[in-house]
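Heavy atoms only: backbone and side chains are in, while hydrogens, waters and symmetry mates are out. Residue indices begin at 1 and follow the sequence shown. Order of listing sets the numbers, starting from 1, for every ligand and every atom in it.
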Amino acid sequence: MNTIVWLREDLRLFDNPALHYAASQGEVTPVYIFPEGLGGASYWWLHHSLTSLQVSLAEQGVRLILRTGEPSAVLAKLCQETRAASVVWNRVYSPEGIAAGTELKQNLTDADIASKSFNAQLLIEPTQILNKQGSPFKVFTPFWRHCLSQLDPTPLLDNPRFVKTSHSIKSESLNSWGLLPTSPDWSTGFDARWTPGEAGAQYKWQKFTENTISRYKDGRDIPIEENTSMLSPHLAFGEIGPKQLWFETHQAIASREIDSENGNKFLAEIGWREYSRYLLVHFPHIINQPFNSKFENFPWQDNPKLLAAWQQGQTGYPIVDAGMRELWATGYMHNRVRMITASFLTKHCLTHWTEGMAWFWDTLVDADIANNTASWQWVAGSGADASPYFRIFNPILQGDKFDKEGAYIRKWVPELAKLDNKYVNKPWEADPMSLQLAGITLGKDYPMPIVDHKEAREVALAAYKASKTV
Ligand SMILES: Cc1cc2nc3c(=O)[nH]c(=O)nc-3n(C[C@H](O)[C@H](O)[C@H](O)COP(=O)(O)OP(=O)(O)OC[C@H]3O[C@@H](n4cnc5c(N)ncnc54)[C@H](O)[C@@H]3O)c2cc1C
């Protein structure tokens, strides 16, 4: 019997319930359908991730079938071609992903083809977690406490053992999808930083648990040091699953291989990932509307010049520019700096968070609709559990605190490399001699600030006040 497995955000063999189930039934046809609407950096990642999956499957005599088109129609055609008796998949929790799964299930039922879906992406199904009143949680801490009380370390699923495929149906070629950038090729910095695919994910996870997790809690805010797992793109493409991270961290804490403070702090971040998806399932409008309706009348401003300066890392605030340039060069930005840059765009420039979200969507290799949406709304102040609006990040103090010696700034904004530590977060305050010694002419080699911090802060607070009274 042939079972079709529709792969989406689950590009792995280990602990992959849909693949595991299909393999236990007999012959398997795994299919990946071209995803519309990803950002450029994600397409780069996808190309390499699919290449890696093709190789792993081919080692067991199984071909990954690539097709383009509307999923229900593509899968119906494949059922005919392979004479498959069933289609299975792992669930995707975005509004689009849920709609596609629901439509497919209905069509398959109508066509008398069996179907089954699984959870490979979350620790717990969002619909299972409700408060005492039977409503969704709107605050992270009680949500996560409740999740932890429900979590059960179920064993992880081994790699499936496949039967060699007997049919020889057609697949599109990955190269014909043209996922890699050519002119210009902006991905050279990506190659140096990342190894997409399941093996790369497992390697990173192993290194993190062996070395890095022991300094996670205190180190995770220092952008120049690699003190976090760097697993986000691997998680976004499902090359590794959260159950493995939870299960193995939990075990390592119990056996005292890692201390509970660092281990639990890391698990809480996996909790934030879980919470972002949970919010999107229960409140799908948050993709483009504020979670907190008080922000419906917020007077966002349309200023293409400020937006372009932010995108290009030319705001005149070194920590902001360093972050934006790290993002462009590598497809990644450190979490602390994501918060600083997002706060700058939404509060200092009063630019709508959806503009920032769209830029991140295009440029991040870990672009993830749930994490991106929830995080942007959180920083903008309109999200679930967001910090109070008046806590506006000061980019100078943030830089002084988390990049004391300016090492992160010197790496990504090389024109400031020779500037004294005292001024590296505020070059406009440097005396002419210091600037000259560092070889900088402000306004020529490096921009003057595009907005004044104090003034921008006052304007943002006034806008917030006014929007509340509308
Ligand atoms: C404005 C903004 C936009 C963001 N956009 C994305 C995005 O598109 N995709 C994305 O994966 N993360 C996003 N994040 C969250 C976070 O910055 C990244 O997940 C993290 O920096 C990835 O590095 P890491 O894997 O080393 O994280 P670690 O610290 O090792 O954390 C482990 C995992 O936990 C999850 N995680 C960590 N922090 C958060 C968080 N705040 N919210 C939700 N999940 C989290 C991620 O899956 C991460 O890989 C965004 C944050 C901000 C402030």
Side-chain angles (χ1 to χ4, degrees), residues 9 38-39 41-42 45 93-94 121-123 140 143-144 193-194 200-201 204-205 207-209 211-213 215-223 225-242 244-246 249 262-280 287 310 320 323-324 326-327 330-347 351-387 393 398:
E9 296 173 4
L38 296 193
S42 293
W45 190 283
Y93 295 87
S94 62
Q121 202 177 95
L122 285 172
L123 297 173
F140 173 73
F143 160 83
W144 187 230
R193 191 160 199 175
W194 305 107
K204 252 206 181 120
W205 173 231
K207 289 280 153 219
F208 179 65
T209 47
N211 308 317
T212 324
I213 199 167
R215 52 178 196 270
Y216 183 75
K217 186 172 159 283
D218 294 329
R220 62 187 287 274
D221 270 322
I222 311 297
E225 294 172 10
E226 208 167 281
N227 291 332
T228 62
S229 70
M230 305 297 283
L231 281 172
S232 49
H234 299 287
L235 279 163
F237 285 86
E239 296 166 355
I240 192 165
Q244 184 187 349
L245 308 186
W246 188 79
T249 308
N262 281 304
N264 286 324
K265 182 70 192 152
F266 174 71
L267 288 181
E269 296 309 314
I270 299 304
W272 277 100
R273 175 184 179 278
E274 193 88 0
Y275 186 50
S276 301
R277 278 169 173 65
Y278 176 84
L279 289 173
L280 200 54
I287 278 194
W310 178 81
V320 175
M324 297 310 293
E326 179 188 24
L327 173 61
T330 68
Y332 180 88
M333 192 197 300
H334 186 274
N335 179 59
R336 167 62 47 181
V337 192
R338 291 188 202 202
M339 292 196 281
I340 299 170
T341 54
S343 172
F344 185 84
L345 184 73
T346 53
K347 296 187 174 169
T351 299
H352 202 298
W353 53 269
T354 50
E355 294 277 7
M357 192 170 90
W359 183 252
F360 273 28
W361 180 255
D362 196 24
T363 51
L364 278 172
V365 285
D366 64 24
D368 171 303
I369 192 70
N371 288 358
N372 207 18
T373 305
S375 301
W376 271 96
Q377 291 232 33
W378 186 88
V379 176
S382 62
D385 220 358
S387 63
F393 276 132
Q398 287 286 313

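Nearest protein heavy-atom contact of atom 30 (O) of ligand 1 is S229 OG, 2.6 Å. Nearest protein heavy-atom contact of atom 17 (O) of ligand 1 is N335 OD1, 2.7 Å. Scanning all protein heavy atoms for the shortest distance to atom 28 (P) of ligand 1 gives Y216 OH, 3.5 Å. The shortest contact between atom 45 (C) of ligand 1 and any protein heavy atom is with E269 O, 3.7 Å. The nearest heavy-atom contact from the protein to atom 32 (C) of ligand 1 is F266 CE1, 3.5 Å. In this structure, the protein non-hydrogen atom closest to atom 2 (C) of ligand 1 is S375 CB, 3.4 Å. Of the protein's heavy atoms, W272 CB, 4.0 Å lies nearest to atom 40 (C) of ligand 1. Nearest protein heavy-atom neighbour of atom 46 (C) of ligand 1: N371 ND2, 4.2 Å.
Each of the atoms 35 (C), 43 (C), 44 (N), 47 (O) of ligand 1 lies under 4.0 Å from some heavy atom of R273. The atoms of ligand 1 that sit less than 4.0 Å from any heavy atom of M339 are 53 (C). Against a heavy-atom cut-off of under 4.0 Å, L231 is close to the following atoms of ligand 1: 25 (O), 49 (O). Ligand 1 places these atoms under 4.0 Å from at least one heavy atom of S276: 43 (C).
Residue-level proximity to ligand 1 for F208 is absent, since no heavy atom of it falls below 4.0 angstrom. Looking at T341 against ligand 1, nothing comes within 4.0 Å, counting heavy atoms. Contacts of F360 with ligand 1, taken as heavy-atom pairs under 4.0 Å, involve the side chain alone. Only the side chain of L235 comes within 4.0 Å of ligand 1, judged by heavy-atom distances. When non-hydrogen atoms are compared, ligand 1 lies under 4.0 Å from the side chain of A342 (C-beta onward) but not from its backbone. No part of W378 comes within 4.0 Å of ligand 1, judged by heavy-atom distances. Proximity of Y332 to ligand 1, defined as any heavy-atom pair under 4.0 Å, is confined to the side chain (atoms from C-beta onward).
Although no hydrogens or angles enter the test, the distance criterion places no donor-acceptor pair under 3.5 Å between the side chain of W310 and the main chain of V320. Using a distance-only test at 3.5 Å, with no hydrogens or angles considered, a donor-acceptor pair links the side chain of H334 to the main chain of R220. At distances below 3.5 Å, not a single donor-acceptor pair connects side-chain atoms of W246 with backbone N or O atoms of G271. In this structure a side-chain-to-backbone donor-acceptor pair under 3.5 Å is missing from D362 to G39. The closest donor-acceptor contact from the side chain of T373 to the backbone of I369 lies under 3.5 Å. Using a distance-only test at 3.5 Å, with no hydrogens or angles considered, a donor-acceptor pair links the side chain of N372 to the main chain of M357. Under the 3.5 Å distance criterion, the side-chain polar atoms of E225 are left unmatched by any main-chain donor or acceptor of G219.
A salt bridge links E269 with K265; the closest basic N to acidic carboxylate O contact falls under 4.0 Å. Using a 4.0 Å cut-off between a side-chain N of Lys or Arg and a carboxylate O of Asp or Glu, E326 and R193 qualify as a salt bridge.
Here the closest heavy-atom approach between residue Q398 and residue R336 is recorded as OE1-NH1, 3.0 Å. Closest approach of L345 to G356, counting heavy atoms only: CD2-CA, 3.5 Å.
The heavy atom nearest to atom 33 (C) of ligand 1, out of those in I270, V365, D368, I240, is found in I270. Nearest to atom 13 (C) of ligand 1 by heavy atom, out of H334, R338, M357, is R338. Checking G39, S232, G219, A367 against atom 48 (C) of ligand 1, the nearest heavy atom belongs to S232.
Taking distance alone, with nitrogen or oxygen atoms compared against 3.5 Å, D366 approaches ligand 1 more closely than that limit.
Taking 4.5 Å as the limit, some side-chain heavy atom of S42 sits within range of a side-chain heavy atom of F237.
Using bins of under 30°, 30° to 60° and over 60° for the plane-to-plane angle, the ring pair Y275/F140 lands in the perpendicular bin.
Here Y332 and W45 keep their ring centres 6.0 angstrom or further from each other.
Residue contacts with ligand 1: R220 is excluded, as none of its non-hydrogen atoms falls under 4.0 Å.
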